[in-house]
Amino acid sequence: MTDNLCPCGSKKTYKECCQSFISGQALPPTAEALMRSRYSAYVKHAYQYVYDTYHPDTRKHFTLDAIEEQSEHINWMGLKISETTAGKENDQQGSVNFTASYKLDDGNVHYLAERSFFNKVGDRWYYLNGETRFTSTAAKSDKQGRNDPCACGSGKKFKKCCGTAT
């Protein structure tokens with residue numbers, strides 16, 4: 001069952017959660033749903049979805065090839081949403097604070113903390129930009145305890161999963 005969990009950390013199956021957004025069968029109804037689906041798209045190597053969900057004003061600064069190349073050596077391990085401001089179905093703007101853990105080819109665990117900003121155009125949410133911070137240690141508020149369930153969704157305790165690398 002844990003293999004079918006959505007990478008976004010929702011504790012739902014991928015099919016129940018982000019798959020319909022990434023496949024184009026549905027639109028994320030909120031900024032947070034878009035944030036989660038973009039993370040899942042990175043995990044699933046669905047880079048076209050990542051590219052397509054950039055706001056049109058932001059997208060002109062990226063290429064699909066650049067997204068793929070940047071992601072080539074990243075192994076995403078877990079996502080934790082710490083705060084969502086606005087971004088509901090009837091809003092036009094919203095922000096999502098998150099921390100994502102990942103490993104690079106060096107095998108070390110790293111963390112990406114970001115406050116992402118989203119705008120809605122018509123009925124569709126887009127990622128506009130974000131305030132990003134990269135670190136090799138988790139922020140205190142986001143740090144997992146050794147006996148907590150691992151954020152990667154494996155169903156194992158952190159100390160028996162991703163915590164073995166720290």
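Atoms considered below: every heavy atom in the structure, side chains included; atoms not considered: hydrogens, waters and symmetry mates.
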Grab the two heavy atoms, one from Val109 and one from Ser101, that are nearest each other, plus how far apart they are. CG1-CB, 4.5 Å
Is there a path of hydrophobic side-chain contacts, each under 4.5 Å between heavy atoms of I/L/V/M/F/W/Y residues, joining Phe117 to Tyr42? no
Euclidean distance, Asn119 CG relative to His55 NE2, rounded to 0.5 Å: 5.0 Å
Tell me, do Tyr102 and Leu112 make a side-chain contact under 4.5 Å, heavy atoms counted? yes
Is the count of non-hydrogen atoms from other residues, nucleotides or ligands lying under 6.0 Å from Asn90 atom CG greater than 12? no
Value rounded to 0.5 Å, distance of CG in Leu64 from CG in Asp52: 8.5 Å
Might you point out which heavy atoms bring Asp91 and Lys88 nearest each other, and give the distance in Å? OD2-N, 2.8 Å
Pairwise distance OH(Tyr47) to OG1(Thr63) - rounded to 0.5 angstrom: 13.0 Å
Distance from Thr53 atom OG1 to Met35 atom CE, nearest 0.5 Å? 10.0 Å
Surrounding CD of Glu68 (heavy atoms of other residues, nucleotides or ligands, distance under 6.0 Å), is the total greater than 12? yes
Does Thr58 use its side chain to pair, donor to acceptor, with the backbone of Leu128 at less than 3.5 Å? yes
Pick out which of Ser23, Ser37, Ser40 makes a side chain to side chain donor-acceptor pair (under 3.5 Å) with Tyr49. Ser37
Any non-hydrogen side-chain atom of Tyr54 less than 4.5 Å from a side-chain atom of Phe62? yes
Trace of the side chain to side chain donor-acceptor pair (under 3.5 Å) decision for Glu114 with Ser116: CA-CA 6 Å; Glu114 182 173 301; Ser116 296; 2.6 Å; yes
CD-CD distance between Glu83 and Glu32, expressed to the nearest 0.5 angstrom: 11.0 Å
Look up atom CG in Asn97 and atom CD1 in Ile81, then write down how far apart they are to the nearest 0.5 Å. 9.0 Å
Taking Cys8's backbone N and O only, do any of them form a donor-acceptor pair with Arg36's side chain (distance below 3.5 Å, no angle check)? yes
Before giving the answer on side-chain contact (heavy atoms from CB on, under 4.5 Å), spell out for His110 and Leu104 the whole-Å C-alpha distance, their side-chain angles and the decisive distance to 0.1 Å. CA-CA 8 Å; His110 302 271; Leu104 297 175; 3.8 Å; yes
Are Tyr51 and Val121 joined in one hydrophobic group, where the rule is that I, L, V, M, F, W and Y side chains link up if heavy atoms are under 4.5 Å apart? no
Take Phe21 and Leu27, measure what side-chain contact (heavy atoms from CB on, under 4.5 Å) needs, and give me the verdict at the end. CA-CA 5 Å; Phe21 305 139; Leu27 294 175; 5.7 Å; no
When you measure from the centre of the six-membered ring of Tyr127, is the NZ or CZ of Arg59 closer than 6.0 Å and no more than 45° off the axis? no
Check step by step if side-chain contact (heavy atoms from CB on, under 4.5 Å) holds for Gln93 and Lys120. CA-CA 6 Å; Gln93 297 178 330; Lys120 197 173 190 183; over 6 Å; no
Side-chain (Arg38) to main-chain (Val50) donor-acceptor, under 3.5 angstrom: yes
Which atom names give the shortest non-hydrogen contact between Ala41 and Ile22, and what distance separates them? N-CD1, 3.6 Å
Quick check: do Leu5 and Lys12 have side-chain heavy atoms less than 4.5 Å from each other? no
When you measure from the centre of the six-membered ring of Tyr14, is the NZ or CZ of Lys44 closer than 6.0 Å and no more than 45° off the axis? yes
Please verify the inter-ring angle class for Tyr39 with Trp76; under 30° counts as parallel, over 60° as perpendicular, anything in between as tilted. perpendicular
Ignoring hydrogens and geometry, is there a side-chain-to-backbone donor-acceptor pair from Gln70 to Ile67 under 3.5 Å? no
Is the Trp125 to Phe118 ring centre distance short of 6.0 Å? no
